[in-house]
Amino acid sequence: MKPEKILMCRPDYFEVNYSGNEFMKDNIGKVDKNSALKQWEDLKSVYESLGFEVILIPPGEGLVDMVFTANQSLPFVDKNGNKSVILSKMKNEQRKEEVRHFRKFYENLGYRVLELPGDVEYFESMGDCVIDFQRNILFGGYGFRTQEITYDYISNYTDFKVVKLKLINPFLYHLDTCLSVLNSETAVIAENAFDEDSLKELRSSFSKVITADTDENLKYFVCNCHCPDGKNVIVQRGSRIFSKDIKESGFSLIETETTEFIKSGGSVFCMKLMFY
Ligand code: ARG
């Protein structure tokens, strides 16, 4: 069952004040907060203009990365039709507190809230899980922010078919920085993100694979695009090769600005969560 609501978090406390990934390193103290808020509001409007209901989770004071709502939880519907969620275990200390806010949010909505057992130390949910809802396949990235063992539990808790993918490039540290599923036939991938077996697995999973240009992906986070409806592809403005490939594949391109968030290592896909 495909989620239809969008969850976002206002970037009231957003900034880069620690070095949590390769992008943050050089951007400490460099976020323009007014511009970040404007970019976030524009992205919210894009979803609304496509007819999606955008729900907001209140930002936790001082939680600079809470705006990246893809990372704290994995919502799903269980076999009996119950709305359920698996909570993340954030890798970086600076983000652990965010999960508490998400737990409260889901409890208020009456979700069944699941936690991973003690042998899982880190798991960053929809940063590393990219789902094809039509075929019920969950592509699960591991290596940087999520441990491989997590997927044994996810296979048990959910009825997704899980396809594990090993990430090997520190710049592409979440699966959503190197894979976007546009629909059941089409995916965008960054080839330099995966080990050989994972790349083979991915290529055989889709009849059409759009390969992102390496430089464009680093600059515009094109693999972090989001196609919420199988037709429209929302992405950071500026790519040439990617834009052309997307249009030629029959999708509509919606370009928007997320440059302030790219300073922190995230773009469109990271700034929202689809939930029930
Ligand atoms: N600064 C955040 C972090 O390092 C960025 C998260 C980006 N999110 C994503 N889904 N790729 O955790």
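Both counts, for ligands and for their atoms, begin at 1 and track the order of listing.
Residue Asp65 places at least one N or O, backbone or side chain, under 3.5 Å from an N or O of ligand 1. Considering both main-chain and side-chain atoms, Tyr18 never comes within under 3.5 Å of ligand 1 through any nitrogen or oxygen pair. Checked by distance only, ligand 1 and Glu124 stay at 3.5 Å or farther apart across all their nitrogen or oxygen atoms.
Residue Asp176 approaches ligand 1 through these ligand atoms, each under 4.0 Å from one of its heavy atoms: 9 (C), 10 (N), 11 (N). Interface atoms of ligand 1 facing Gly265, defined by a heavy-atom separation under 4.0 Å, are 7 (C). The contact set between ligand 1 and Arg145, taken as ligand atoms under 4.0 Å from a residue heavy atom, comprises 3 (C), 4 (O), 12 (O). Near Met24, meaning under 4.0 Å from any of its heavy atoms, are these atoms of ligand 1: 1 (N), 4 (O). Taking every heavy atom of Gly127 and a limit of under 4.0 angstrom, the matching atoms of ligand 1 come to 10 (N).
Under a cut-off of 6.0 angstrom, the local environment of NZ in Lys244 is sparse, with at most 12 non-hydrogen atoms contributed by other residues, nucleotides or ligands. Within 6.0 Å of NZ on Lys96 lie more than 12 heavy atoms contributed by other residues, nucleotides or ligands.
Ring orientation note: the planes of Phe160 and Phe133 are nearly perpendicular, at an angle over 60° on the 30°/60° scale.
Proximity annotation for atom 6 (C) of ligand 1: of Asn71, Asn224, Val268, Asn71 comes nearest, heavy atoms only.
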Yes or no on side-chain hydrogen bond (donor to acceptor under 3.5 Å, both in side chains) for Ser125 and Ser73, after CA distance, side-chain angles and deciding distance? CA-CA 5 Å; Ser125 290; Ser73 66; 5.5 Å; no
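A cation-pi arrangement is found for Lys91 relative to Tyr122, the charged atom lying closer than 6.0 Å to the ring centre and inside a 45° cone about the ring normal.
Residues satisfying the ring-ring contact (aromatic ring centres under 6.0 Å, His included) test with Tyr47, not counting sequence neighbours, are His226.
Counting only heavy atoms of the protein, atom 7 (C) of ligand 1 lies nearest to Tyr173 OH, 3.4 Å. From the protein, the heavy atom lying nearest to atom 9 (C) of ligand 1 is Cys270 SG, 2.8 Å. The shortest contact between atom 12 (O) of ligand 1 and any protein heavy atom is with Arg95 NH1, 2.7 Å.
Among residues at least two apart or in separate chains, ring pair (Phe, Tyr, Trp, His ring centres under 6.0 Å) pairs with a member in residues 193-220 are Phe139-Phe206.
The hydrophobic clustering, which links ILVMFWY residues whose side-chain heavy atoms are closer than 4.5 Å, places Tyr151 and Ile131 together.
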